[in-house]
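The structure under discussion appears below in the form of structure tokens.
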Amino acid sequence: MAKELTTRQEDYSQWYNDLVIKGGLADYSAVRGCMVIKPYGFALWEKMRDQLDKMFKDTGHVNAYFPLFIPKSFLSKEAAHVEGFAKECAVVTHYRLMNDPNGKGIIVDPDAKLEEELIVRPTSETIIWHTYRDWIQSYRDLPLLINQWANVVRWEMRTRLFLRTAEFLWQEGHTAHATKEEAIEETERMLGVYADFVETYMAVPVIRGVKTPNERFAGAEDTYCIEALMQDGKALQAGTSHFLGQNFAKAFDVQFLTKENKQEYVWATSWGVSTRLIGALIMAHSDDNGLVMPPKIAPLQAVIVPIYKGEDSKPVIDAKAKEILNQLKAAGVSVKYDESDNRPGWKFAEHELKGVPVRIALGLRDIENGVVEIARRDTKEKNSVPVDGIADTVVRLLDEIQQNMFDKALAFRTSHTTEANSWDEFVKLLDEKGGFIAAHWDGTPETEDAIKEKTKATIRCIPLNNKKEAGTCILTGKPSQERVLFARAY
RNA sequence: CGGGGCGUAGCGUAGCCCGGUUAUCGCGCCUGGUUUGGGACCAGGAGGUCGCAAGUUCGAAUCUUGCCGCCCCGACCA
């Protein structure tokens, strides 16, 4: 029986949920707002994580691990930071349970109250900067370039699988530098790493930019971001990199001695991407038949499906299939021979649903002709190709799929990035077309809020290397020096 | 937290208004067989605290009250 998928046109949100659930990436859990990441979804995350981890190490970072719990008092040391996160913190108040003296069940032991309550980290700046204070004394200790892979908890009111869950997995880089320039350079470097990763591996084109003060990370001087566009025309922030100035250094008193023997506060950055990237991947590429995985991070790049014809055909087909399997493996392709006793049509649909980039089907007819049927997930094209040189063919095809997926997503973004020069035009574009809208803005938070209030669109970013262009704000008509990118966003 | 909707097998559901044999059907699952080029077919089988609790009644999935949970829309957000 077919697993019926809602189409994008029918209900985009439901389509997304169907893909996550039926594609085997994740399940809802017994805990509100928290999901179970299933093996296929976790395999995808592992591919992302491993690649990113390599890129972090290549840029000089090392991994460490800091506690899940943060003393409540730490959070209040940086004013903007506490302001930003206080509303969504889970708090640990007790450390013991006991049997309910009034009957069955178990209750919190009232005698086991913590002297200082603990926050479950919504992000780790405070605990990390508290620690850095002990680690940094001299300019020789800098730069300190540390990353951690962790889970964090933000008590969101409304959650969506991968896009916004109460608990999620991410990495957070936290670096300390001797100079402002160096810290800004680091912030930009890591934004570049993210952009490179998302474009090269996930095949999702991104806009690099800077957030306006309204959208800035709580406690940052500047928040850089990469913004991606989803197929429904909504933007999604795929990663952020923050220049924290000396805010946390001052809040946690982290100073170092310069070469000139002067005490100075260090300069900081932090940067992160999360399992939300999986949501971005799904909404950027997938179609009404299921997930579409870019080859470079697909948990499985190719699958071989046998088409039996009578009992006698099995050994012949199995032998040939395993030959092909070994050739592909030798060429570095992650590939599986699907010997399960489902029928071919069932397997085709299943692997399509899961987004496996390349499918190879093999029956007696093919063996006689020295060919296999090869189908690519991105375009759904099928072709007979010679068995000879199959590994090269597949490797080339995987590259082609990767490129095609990026090109397609880029073409979509290009065609959905529009300039608006008047309020009416702006509103019409938002409602009828969506996507990024490049428009003039007078630079004030009040105007940004007013636009958000009226249209639900926010300024996604001010693109880096944005061209200067005199104009007037679409809402207030006040003068503006450059266009910024608006969109409705996830 | 406000507005709307829903809880019956792993999933989707009928039955509820108008109480009455053994709770319906499909998918999935198990066994055996036949099959296999786009989600197979036949035969047999397993699987249920009808969200929870109390009440009304000879009798409750069905009526009443309370509670719990989930989903959608809004305020908050990576």
Side-chain angles (χ1 to χ4, degrees), chain A residues 1-5 11 13-14 17-18 21-22 27-34 83-89 122-123 150-172 194 211 214-218 220 223 225-228 235-242 270-280 289-290 305-314 317 338-354 359-369 371-375 380 382 384 452-453 456 458 460 489-490:
Chain A
M1 173 62 191
K3 287 185 184 169
E4 289 299 326
L5 297 176
D11 184 344
S13 294
Q14 194 53 48
N17 287 335
D18 282 1
I21 302 290
K22 293 175 181 169
D27 263 339
Y28 292 106
S29 74
V31 185
R32 191 190 72 89
C34 295
E83 165 80 20
F85 285 105
K87 299 179 296 273
E88 49 186 19
C89 285
T123 180
N151 58 337
V152 287
V153 168
R154 296 181 186 176
W155 215 259
E156 302 290 350
M157 298 183 198
R158 256 184 88 197
T159 57
R160 293 198 63 189
L161 295 165
F162 289 116
L163 295 174
R164 184 170 300 106
T165 44
E167 179 192 13
F168 57 95
L169 305 185
W170 76 347
Q171 58 68 217
E172 45 182 324
Y194 288 156
K211 289 291 190 189
N214 279 8
E215 301 278 322
R216 196 177 282 159
F217 175 76
T223 287
C225 63
I226 50 173
E227 291 283 328
L236 185 141
Q237 178 175 303
T240 49
S241 183
H242 314 291
S270 70
W271 28 274
V273 294
S274 72
T275 37
R276 181 180 231 207
L277 284 177
I278 293 175
N289 296 301
V305 176
I307 316 285
Y308 298 122
K309 195 87 178 176
E311 272 301 307
D312 298 348
S313 70
K314 283 195 180 184
I317 292 169
D338 186 351
E339 291 183 89
S340 67
D341 66 359
N342 294 305
R343 291 168 62 92
W346 191 92
K347 293 176 186 175
F348 292 174
E350 185 65 15
H351 295 123
E352 253 160 39
L353 174 62
K354 297 210 155 181
R359 183 188 73 228
I360 296 164
L362 177 64
L364 282 184
R365 206 165 67 203
D366 302 302
I367 292 176
E368 280 163 21
N369 296 329
V371 298
V372 293
E373 182 194 81
I374 193 159
K380 303 203 71 190
K382 285 194 284 198
S384 268
K452 184 179 180 182
E453 173 77 19
K456 290 186 180 162
T458 49
R460 300 321 302 155
Y490 279 97

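In what follows, chains carry the letters A, B, and so on, assigned in the order in which the sequence lines appear, proteins first and then strands, with residues in each chain numbered from 1. Predicted, not measured: the structure shown is a model, and the values here were computed from it.
B/rU36: no Watson-Crick or G-U partner with both key distances under 3.5 Å is found in any strand. B/rC70 is paired with B/rG5 under the Watson-Crick or G-U wobble criterion, all donor-acceptor distances under 3.5 Å. Across every strand in view, B/rU56 sits unpaired, with no contact that passes the Watson-Crick or G-U test at under 3.5 angstrom. In this entry B/rA43 has B/rU31 as its Watson-Crick or G-U wobble partner, both defining distances falling under 3.5 Å. Using the Watson-Crick or G-U wobble rule with both distances under 3.5 Å, B/rG26 pairs with B/rC11.
Using a 4.0 Å heavy-atom cutoff across all strands shown, A/Gln237 reaches sugar-phosphate atoms only and no base atom. Among the protein residues, A/Gly310 comes within range of the sugar-phosphate backbone only, with heavy atoms under 4.0 Å from sugar or phosphate atoms but none that close to a base. Among the atoms of the strands shown, none is found under 4.0 Å from any heavy atom of A/Asp341. The residue A/Arg160 sits apart from the nucleic acid: no heavy atom pair falls under 4.0 Å. Counting non-hydrogen atoms under 4.0 angstrom, A/Leu163 reaches a base of the nucleic acid. Within the 4.0 angstrom heavy-atom criterion, base atoms lie near A/Lys314. Note on A/Ser340: nothing from the nucleic acid sits closer than 4.0 angstrom, heavy atoms only. Heavy atoms of A/Ser274 sit under 4.0 angstrom from at least one base atom. Among the protein residues, A/Lys211 comes within range of no part of the nucleic acid, since none of its heavy atoms lies under 4.0 Å from any strand. Looking at heavy-atom distances under 4.0 Å, A/Phe168 makes contact with a base.
Here the C1' atom of nucleotide B/rG37 and the CD atom of A/Glu373 are 7 Å apart, to the nearest Å. For A/Asn342 and B/rG39, the CG to P distance is 13 Å, given to the nearest whole Å. In this structure, the CD1 atom of A/Ile307 is 17 Å from the P atom of B/rU35, given to the nearest Å. When the P atom of B/rG74 is taken as reference, atom CD of A/Glu156 falls 15 Å away, rounded to whole Å. Distance A/Met157 CE to B/rC71 P: 16 Å, rounded to the nearest Å. Distance CG (A/Asn289) to P (B/rG38): 15 Å, rounded to an integer number of Å. Distance CD (A/Glu339) to P (B/rU36): 18 Å, rounded to an integer number of Å. Separating the CG atom of A/Asp27 from the C1' atom of B/rG10 is a distance of 11 Å, rounded to the nearest angstrom.
Taking a 6.0 Å sphere around CD of A/Gln14, one finds it holds more than 12 heavy atoms contributed by other residues, nucleotides or ligands.
Here the separation of B/rG19 from B/rG59, taken at their C1' atoms, is 8 Å to the nearest Å. With P as the reference atom, B/rG15 and B/rG32 are 38 Å apart, rounded to whole Å. Across B/rA53 and B/rU62, the matching P atoms stand 12 Å from one another, rounded to whole Å. Rounded to whole Å, the P atom of B/rC41 lies 30 Å from the corresponding atom of B/rG7. Taking the P atoms as reference points, B/rA23 lies 14 Å from B/rA9, given to the whole Å. Atom name P, nucleotides B/rA14 and B/rU57: the rounded distance is 32 Å, in whole Å. For B/rC6 and B/rG12, the C1' atoms lie 14 Å apart once the distance is rounded to whole Å. The C1' atoms of B/rC18 and B/rC42 are separated by 42 Å, rounded to the nearest whole Å.
A donor-acceptor pair is defined here as one N or O able to donate and one able to accept, closer than 3.5 Å; such a pair exists between the side chain of A/Arg276 and the backbone of A/Leu163. A donor-acceptor pair is defined here as one N or O able to donate and one able to accept, closer than 3.5 Å; such a pair exists between the side chain of A/Lys211 and the backbone of A/Arg460.
Both geometric conditions, a ring-centre gap below 5.5 Å and a plane tilt below 30°, are not fulfilled together for A/Trp170 over the base of B/rA78.
Remark on RNA chain B: of its neighbouring residues A/Lys87 and A/Gly363, the 5'-side contact belongs to A/Gly363, judged by nearest-heavy-atom nucleotide. Comparing A/Lys380 and A/Ala489 by the nucleotide of RNA chain B whose heavy atom lies nearest to each, the residue mapping closer to the 5' end is A/Lys380.
Dashed line: the shortest gap from a side-chain N or O of A/Arg276 to OP1 or OP2 of B/rA78 is not under 4.0 Å. Contact annotation: A/Lys456 reaches the phosphate of B/rG74 (side-chain N/O to OP1 or OP2, under 4.0 Å).
Judged by distance alone with a 3.5 Å cut-off, no donor-acceptor contact links the side chain of A/Arg343 to the base of B/rG37. Side-chain N/O atoms of A/Lys382 and base N/O atoms of B/rG37 include no donor-acceptor pair closer than 3.5 Å.
Between A/Ile367 and A/Leu362 the shortest heavy-atom distance is CG1-CD1, 3.8 Å. Between A/Lys22 and A/Leu353, the shortest heavy-atom contact is O-CD2, 3.2 Å.
Between A/Trp271 and A/Tyr194, the ring planes are perpendicular. Angles over 60° get that label, and only those under 30° would be called parallel.
Cation-pi geometry between A/Arg359 and A/Phe348 is met: the NZ or CZ atom falls under 6.0 Å from the ring centre, inside 45° of the normal.
Two residues are said to be in side-chain contact when any heavy atoms from C-beta on lie closer than 4.5 Å; A/Leu161 and A/Tyr28 meet this criterion.
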